[in-house]
Amino acid sequence: MIPVDVQIQNPRLKSIQANAKLTIDHAIATLEQTHRQIRAAIQKIGDASARANLETSLDLIERNLELAKLKSSCL
């Protein structure tokens with residue numbers, strides 16, 4: 001993996017990096033949309049305990065998504 005702070009001189013490598021960034025950004029956007037849909041579905045669950053457990057898991061996923069976005073912004 002090429003360090004982020006190294007200026008890439010090769011046009012092909014620049015193109016590969018740009019395509020990778022687009023792919024990562026698209027994957028993150030898809031995950032965010034799925035996360036919102038799951039969060040909405042959880043709200044419909046009648047069992048408060050089950051809902052709380054699922055919301056806790058989604059909170060962890062949310063934190064990981066934020067970390068992924070932060071790392072992606074460094075590419």
Side-chain angles (χ1 to χ4, degrees):
M1 182 173 190
I2 299 171
V4 174
D5 60 341
V6 174
Q7 180 67 29
I8 299 175
Q9 300 297 326
N10 186 321
R12 176 148 166 70
L13 289 177
K14 284 183 181 181
S15 175
I16 290 169
Q17 184 180 30
N19 286 337
K21 174 103 172 82
L22 286 174
T23 299
I24 291 167
D25 289 347
H26 178 61
I28 289 171
T30 300
L31 288 170
E32 287 178 321
Q33 179 181 6
T34 303
H35 176 266
R36 285 189 298 273
Q37 291 169 343
I38 292 170
R39 178 114 20 220
I42 286 173
Q43 296 306 314
K44 297 176 183 177
I45 295 174
D47 182 338
S49 176
R51 191 171 55 243
N53 285 335
L54 291 170
E55 286 176 349
T56 299
S57 295
L58 278 181
D59 290 344
L60 177 59
I61 291 169
E62 200 170 281
R63 287 192 298 274
N64 285 329
L65 277 170
E66 290 302 319
L67 180 58
K69 286 193 289 188
L70 179 64
K71 287 183 176 186
S72 174
S73 70
C74 293
L75 292 179

K.L.:
For the backbone of P11 and the side chain of S15, can you confirm whether one donor and one acceptor N or O come within less than 3.5 Å of each other?
P.N.:
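Not a single qualifying donor-acceptor pair exists.
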
K.L.:
At what distance, to the nearest 0.5 angstrom, does OG of S73 lie from CD1 of I24?
P.N.:
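S73 OG to I24 CD1: 11.0 Å, rounded to 0.5 Å.
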
K.L.:
Among all residues two or more places apart in sequence or in another chain, which pass the side-chain hydrogen bond (donor to acceptor under 3.5 Å, both in side chains) test with N53?
P.N.:
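Result, side-chain hydrogen bond (donor to acceptor under 3.5 Å, both in side chains) vs N53: none returned.
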
K.L.:
Can you tell me which residue pairs pass the salt bridge (Lys or Arg N to Asp or Glu O under 4.0 Å) test with a partner in residues 42-55, sequence neighbours excluded?
P.N.:
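Residue pairs with at least one partner in residues 42-55: there are none.
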
K.L.:
Working to the nearest 0.5 angstrom, can you tell me the gap between I16 CD1 and N10 CG?
P.N.:
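It is 7.5 Å, given to the nearest 0.5 Å.
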
K.L.:
S72 side chain to A68 main-chain N or O, any donor-acceptor pair under 3.5 Å?
P.N.:
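Not confirmed, S72 side chain does not pair with A68 backbone.
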
K.L.:
Please name all residues satisfying side-chain hydrogen bond (donor to acceptor under 3.5 Å, both in side chains) with T34, sequence neighbours left out, ordered by chain then number.
P.N.:
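For T34, no residue satisfies side-chain hydrogen bond (donor to acceptor under 3.5 Å, both in side chains) once neighbours in sequence are set aside.
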
K.L.:
Restricting to salt bridge (charged side-chain N to carboxylate O under 4.0 Å, His left out), what partner residues turn up for R39, sequence neighbours left out?
P.N.:
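With neighbours one apart ignored, the set is D59, E62.
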
K.L.:
What distance separates C74 SG from K71 NZ, expressed to the nearest 0.5 Å?
P.N.:
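C74 atom SG to K71 atom NZ measures 9.5 Å (nearest 0.5 Å).
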
K.L.:
Which pair of non-hydrogen atoms, one from L65 and one from I28, has the smallest distance, and what is that distance?
P.N.:
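Closest approach of L65 to I28: CD2-O, 4.3 Å.
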
K.L.:
Mind jotting down which residue pairs meet the salt bridge (Lys or Arg N to Asp or Glu O under 4.0 Å) criterion with at least one end in residues 15-29? Sequence neighbours excluded, please.
P.N.:
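For residues 15-29: K21-D25.
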
K.L.:
Return the set of residues passing side chain to side chain contact (heavy atoms under 4.5 Å, CB included) with N64 (not counting sequence neighbours), or none when no residue passes.
P.N.:
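Result, side chain to side chain contact (heavy atoms under 4.5 Å, CB included) vs N64: L60.
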
K.L.:
Check side chain to side chain contact (heavy atoms under 4.5 Å, CB included) between T23 and all other residues, then give those that pass, not counting sequence neighbours.
P.N.:
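None.
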
K.L.:
Of all residues at least two apart in sequence or in a different chain, which pass the side-chain hydrogen bond (donor to acceptor under 3.5 Å, both in side chains) check with Q33?
P.N.:
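With neighbours one apart ignored, the set is empty.
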
K.L.:
Checking E66 now: which residues fulfil salt bridge (charged side-chain N to carboxylate O under 4.0 Å, His left out) with it, not counting sequence neighbours?
P.N.:
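Partners of E66 by the salt bridge (charged side-chain N to carboxylate O under 4.0 Å, His left out) criterion, ordered by chain and then number, come out as K69.
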
K.L.:
Once rounded to the nearest 0.5 Å, what's the spacing between atom CG of L58 and atom CD1 of I42?
P.N.:
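Taking CG in L58 and CD1 in I42, the distance rounds to 4.0 Å.
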
